[in-house]
Amino acid sequence: MVRAERSFASRAGVTLPAIMLTRRAWLSTTGATGIVFASKTALNADIEELARFGGTPQNFATPLAYFDRLITPSSVFFVRSHFGPPALDHARKLVIDGLVETPLTLSVDQVRRLPAVEVTAVLQCAGNGRALHLPRVPGIQWTHGAMGQAVWKGVRLRDLLAKARVKPEAAHVQLAGADLPPKPQTPAFLRSIPLARALSPETIVAYEMNGAPLSLAHGAPLRLVVPGWAGDHWVKWLTHLRVQREEAEGFFMQTAYRMPASVVEPGAPVPPAEMRSLTTFPVKSLIVTPTEGERRPPGTQLVKGVAFSGEAPIEAVEVSSDDGKTWHRAKLEGEPGVGRWQIFSISLAGGAGGPMSAVARALERGGRMQPERAAWNPSGYFWNGWHRVAWEVAA
Amino acid sequence: MRRASCIALFVLVGACRSKGGAVADRSDAGSTAPSAASSLAAQSDRGPALVTESCLACHSEEILRQQRLTPAQWEKVVKKMAGWGATVAADDLPIVSAYLATNYGTDAGRYEVGSIAATAAPDEIAPKEDGPFAEGSAERGGALYAARCASCHGADARGQIGVNLVDRPLLYRAASFATTLRSGRAKMPAQPETTNGEVADLLAHLRRLRPAQ
């Protein structure tokens, strides 16, 4: 049994898995996947780099080393594209129609004239960590880098919807961007969010990221920001908000971005009727420092990383240096919030030398703890298993 | 305000291909035996050409190389892509699936992720000056498009055998557009004889096509 000394798990009434952390369990989340970053993507390189998972269309991951801070620089912020961007067009209009009293067609300038708000939030691809799910599933084989935290500036979606005057029977806001599928047979990327989420004050139509206008890769001129919800809802190159009774139809709503309603055996087929549309990303933490296999000098060993949840603010992060026998509470930095990350850090006694390891796990307010093993699902979404890093202490 | 500037994206397949040959052989893979059912298809030497012509029209090679899937998973993926417009004859689908399963199967070796300079990433899709491809005639371009391009890209340029050309960053990267046209790409044959003026005309025509909102 895992002993939960000084652990928030016991305080929160969380049941720990009744197994010791075995080397095999850890391998399944680290080295055995066959995916590694090229070593030159580390921060000690002279130039900033992204990890390249695809150039056509662009799919780039943020190197792990950049997750040591509250705000991820835009220059190394991950890029996820289904079809690739449309042409850059600042004259692109935003149409709001459907179940509204006053359909609107707004220019970017008109949107910019509305009261502006800033939201600090994590953008995370639903498939972040897909390569860590076993058995493997098709899709971009992200490890950790399809996430980042930025300051997003724009207007509240509820202000736009108020201008259009939503009809009482409305229940969903369907979302479309300007990116066109490569072939007529390819389904368009259409998503929707429930009206209640659209009216939440944190949901914004953004035109700035980290103090600068959105870049094309990140959705210029307008993109949706839905803090706490997976990136597939953060529609880029946003051109159309259609208020409807029903959620959007089509592949990307009715087939993709769905998870089993309950836990399934890894690799098991899941009937479509038992799948649900995914929404918020689950609680997760990730160790950034040290890095796997690093050699570090003797003395106190600093362990640092990020923790966040799309469902609640982070309550605590714990780190174990003995593979889960004992846990120690880390210090948290940054403002807690739903869909907002904080930096955790803890100094571990270093000893004379030899191999060391650290495992991190996060707890969100309300008691839900990051699971030791992420729930496998047929599309490889929402990997959030405990992260373990091993390094060598040597003079 | 009119369109200020625009950007391109699907441009780099040529660059990817030049790195390791069309679809590189299993240089990074361990030993994999194709399943008995697909062994005949796997023996076909048409796999690399079919993958280049069909998959690489829309994807860069990296997306294939990073997968580690079973033959059944590859078969499902290839069938899905054929339904989405990938140009593979029904008879050739098993060859494509078998080739991918043989090279990027569950026991293929380690995949090393490449990198791109942070400054190069936006530059790949950034609009560029038209240079020698400026001031084309949309009318002449429309006629040229109908004669040379429409049979593959569709009369409306929304894609058919070739990919969609409407509202694409590549239209505002004239030199890349010209290179793609002259060198060929995926199933598109190289058209090295295309003049600068013809490129300018084609761009003038394609830029006036706007998607319905």
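The shown structure was predicted, so the numbers you read here are calculated from the model rather than taken from an experiment. Lettering of chains follows the sequences in order, A, B, ..., and the numbering in each one begins at 1.
In plain terms, the two heavy atoms of Ala117(B) and Ile47(A) that are nearest each other are CB-CD1, 4.1 Å. Residues Pro57(A) and Cys58(B) approach most closely at CD-O, 3.6 Å, considering heavy atoms. Summarising the geometry of Gln58(A) relative to Ala121(B), their closest heavy-atom pair is NE2-O, 2.7 Å, with the distance given to 0.1 Å. Of all heavy-atom pairs between Thr186(A) and Trp84(B), the closest is OG1-O, 2.8 Å. Val137(A) and Gln67(B) make their closest contact through O-OE1, 4.1 Å (heavy atoms, listed as atom of the first residue, atom of the second, distance).
Distance check: Thr255(A) OG1 to Lys80(B) NZ gives 9.0 Å after rounding to the nearest 0.5 Å. The distance from atom CD of Glu124(B) to atom OG1 of Thr56(A), rounded to the nearest 0.5 Å, is 7.0 Å. Here the CZ atom belonging to Arg168(B) is positioned 11.0 Å from the CG atom belonging to Asp179(A), to the nearest 0.5 angstrom.
Proximity to chain B is absent for every atom of Phe77(A), based on heavy atoms less than 4.5 angstrom apart. Heavy-atom distances place the side chain of Gln73(B), and not its backbone, under 4.5 Å from chain A. There is no contact between Leu165(B) and chain A, counting heavy-atom distances below 4.5 Å. In this structure, chain A has a heavy atom under 4.5 Å from the side chain of Leu69(B), while its backbone stays farther away. Contact annotation for Ala120(B): neither backbone nor side-chain heavy atoms come within less than 4.5 Å of a heavy atom of chain A.
Within a 6.0 Å sphere centred on CD of Glu129(B), other residues, nucleotides and ligands contribute 12 heavy atoms or fewer. Within 6.0 Å of the CD atom in Glu249(A), the count of heavy atoms belonging to other residues, nucleotides or ligands does not exceed 12.
Ranked by heavy-atom pairs under 4.5 Å with chain A, the list Gly162(B), Ala118(B), Gly159(B) is led by Ala118(B). Ranked by non-hydrogen atom pairs under 4.5 Å with chain B, the options Ser75(A), Pro73(A), Pro187(A) are led by Pro187(A).
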* Residues Arg92(A), Asp167(B); criterion side chain to side chain contact (heavy atoms under 4.5 Å, CB included); working and verdict -> CA-CA 11 Å; Arg92(A) 231 177 261 292; Asp167(B) 201 16; 2.9 Å; yes

* Full working for side chain to side chain contact (heavy atoms under 4.5 Å, CB included) between Glu48(A) and Thr119(B) -> CA-CA 8 Å; Glu48(A) 288 186 332; Thr119(B) 49; over 6 Å; no

* Let me see the working for Leu88(A) and Tyr172(B) under side chain to side chain contact (heavy atoms under 4.5 Å, CB included), right down to the final yes or no. => CA-CA 9 Å; Leu88(A) 180 62; Tyr172(B) 300 88; over 6 Å; no

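Residues passing the ring-ring contact (aromatic ring centres under 6.0 Å, His included) test with Tyr145(B), sequence neighbours excluded: His205(B). Checked against ring-ring contact (aromatic ring centres under 6.0 Å, His included), Tyr207(A) has no partners two or more places apart in sequence or in another chain.
A distance-only check finds no donor-acceptor pair linking the side chain of Gln141(A) to the backbone of Gln66(B) [under 3.5 Å].
Ile116(B) has its side chain out of reach of Glu49(A): every pair of non-hydrogen atoms, C-beta onward, lies at least 4.5 Å apart. Counting only heavy atoms from C-beta outward, the side chains of Ser215(A) and Pro122(B) never approach each other to under 4.5 Å. Looking only at side-chain heavy atoms (C-beta outward), Arg136(A) and Thr106(B) stay at 4.5 Å or farther from each other. With contacts defined as side-chain heavy-atom distances shorter than 4.5 Å, the pair Thr87(B)/Lys183(A) qualifies.
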